[in-house]
Amino acid sequence: MRTAAHRVRLIASAALLATALTTGAAATAAPHMPAPAAAPVSATAAAPTAAAAAAQASWPTVKSGQRGVDVTTVQLLLTARGHAVKADGVYGTGTVAKVKAFQTAHRLTADGIAGTNTWAALVRGGGGGGTPGGGAKLSDAQAAAKLKAAGISRVSSGNCTDRNRKNCTSLEGIRVGTVDGVIALKKKSGCKITVTGGTETNHAGGTYSHWNGYKVDISRTSCVTSYIQGHATKHHKRGDGAWVWRVTSGGKTVVDYADERWANHWDITYY
């Protein structure tokens with residue numbers, strides 16, 4: 001017979017997976033989960049809180065070599081949190097690597113083992129990454145870990161990450177939505193993505209600026225250019241001569257891709 005905690009785990013994984021599939025962006029942070037409160041253990045007014053506490057305390061330790069539904073749940077939650085991995089129910093080296101990347105991004109002990117803190121971060125989106133959503137900001141280490149886990153590299157002419165030096169490529173203070181947007185671009189395009197500019201100084205100012213974490217520069221490869229021009233609409237030319245290709249949804253601008261050919265990169269803004 002399935003325990004209440006077991007049912008909660010299945011509900012949590014199914015809900016997060018459904019969110020990822022429905023939005024078409026498994027790389028984005030999923031919303032807070034109400035699942036624990038849906039499986040009360042008593043009819044008292046305090047039942048939802050008690051159920052949530054009991055469920056969290058009962059998450060099993062899952063690690064390398066294990067198989068089964070708990071492993072599959074970890075894999076589904078990892079994918080929903082932007083660390084895509086095959087949900088085959090086998091806790092192999094690939095899953096270990098994704099768990100470590102997730103733990104690093106959330107400032108947890110990166111041992112590759114799902115403990116109580118790792119489960120809590122997977123289910124609720126908690127941890128060092130802040131609250132889910134495009135407005136939350138990441139540290140350089142957190143953002144770098146997420147990008148590295150997705151196979152995205154970064155380069156700088158100064159080989160540095162200090163945001164106060166213009167020849168560095170910093171990710172300090174970059175927004176979750178920006179990082180997730182770049183990861184989604186790689187997954188959808190299948191292109192190699194290299195970040196060449198982040199939140200460092202010497203970019204144009206404004207609300208939706210590099211410094212404020214909304215923008216990122218990536219290398220202008222033929223693959224990236226072909227994908228952008230095939231999936232966005234040529235919209236307008238900026239004052240500096242860069243053509244902007246725009247993606248909208250529901251009448252609102254979602255992404256602007258500015259073709260800075262002279263610098264051999266795409267300047268991308270995620271709103």
Side-chain angles (χ1 to χ4, degrees), residues 1-36 38-39 51-129 132 138 141-153 176 179-180 183-184 186-187 190:
M1 179 180 294
R2 292 177 176 174
T3 65
H6 187 195
R7 289 196 297 274
V8 170
R9 291 197 293 274
L10 293 179
I11 291 170
S13 62
L16 283 172
L17 181 61
T19 298
L21 294 177
T22 301
T23 60
T28 60
H32 287 295
M33 290 303 305
Q56 180 173 331
S58 67
W59 294 125
T61 297
V62 189
K63 55 187 178 180
S64 180
Q66 292 184 219
R67 296 170 178 261
V69 66
D70 288 324
V71 176
T72 301
T73 301
V74 171
Q75 293 167 330
L76 290 171
L77 292 172
L78 282 169
T79 296
R81 294 299 179 202
H83 298 268
V85 63
K86 183 178 180 181
D88 58 5
V90 180
Y91 209 112
T93 55
T95 299
V96 171
K98 295 295 184 179
V99 170
K100 285 184 177 179
F102 176 83
Q103 290 170 326
T104 298
H106 288 262
R107 296 181 180 178
L108 300 171
T109 301
D111 56 9
I113 300 173
T116 300
N117 289 336
T118 299
W119 275 111
L122 283 168
V123 173
R124 297 197 305 269
L138 301 172
Q142 289 172 324
K146 289 193 69 172
L147 293 175
K148 183 177 180 180
I152 298 173
S153 59
V176 171
V179 172
D180 288 346
I183 294 174
K186 181 181 188 303
K187 290 181 177 180

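For the numbers below, each heavy atom of this structure counts, side chains included, while hydrogens, waters and symmetry mates do not. The first residue of the sequence shown is numbered 1, and numbering continues consecutively from there.
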### Query
Do you know the tightest heavy-atom contact between V74 and W119?
CG2-CH2, 3.4 Å

### Message
Do V62 and I113 have side chains that approach each other closer than 4.5 Å (heavy atoms only, starting at C-beta)?
### Response
no

### Message
Check this for me: does any side-chain nitrogen of one of K146 and D180 sit under 4.0 Å from a carboxylate oxygen of the other?
### Response
yes

## Note on the structure
dist L122:CG -> L108:CG (nearest 0.5 Å) comes out at 9.0 Å

### Message
To check you understand the geometry: which heavy-atom pair defines the closest contact between D88 and T72, and what is its length?
### Response
C-OG1, 4.5 Å

### Task
Taking atom types as modelled, find out whether T118 and Q103 have a side-chain donor-acceptor pair closer than 3.5 angstrom.
yes

### Query
Atom OG1 of T104 and atom CD of Q142: how far apart are they, to the nearest 0.5 Å?
10.0 Å

### Query
What distance separates T109 OG1 from D111 CG, expressed to the nearest 0.5 Å?
6.0 Å

## Note on the structure
Rounded to the nearest 0.5 angstrom, the NZ-CG distance for K86 and L78 is 15.5 Å

Kindly list each side-chain donor-acceptor pair under 3.5 angstrom involving residues 89-99, sequence neighbours excluded, with atom names and distances?
from: Y91; atom 1: OH; to: G112; atom 2: O; distance (Å): 2.6
from: T95; atom 1: OG1; to: Q75; atom 2: NE2; distance (Å): 3.1
from: K98; atom 1: NZ; to: A84; atom 2: O; distance (Å): 3.4
from: K98; atom 1: NZ; to: A149; atom 2: O; distance (Å): 3.0

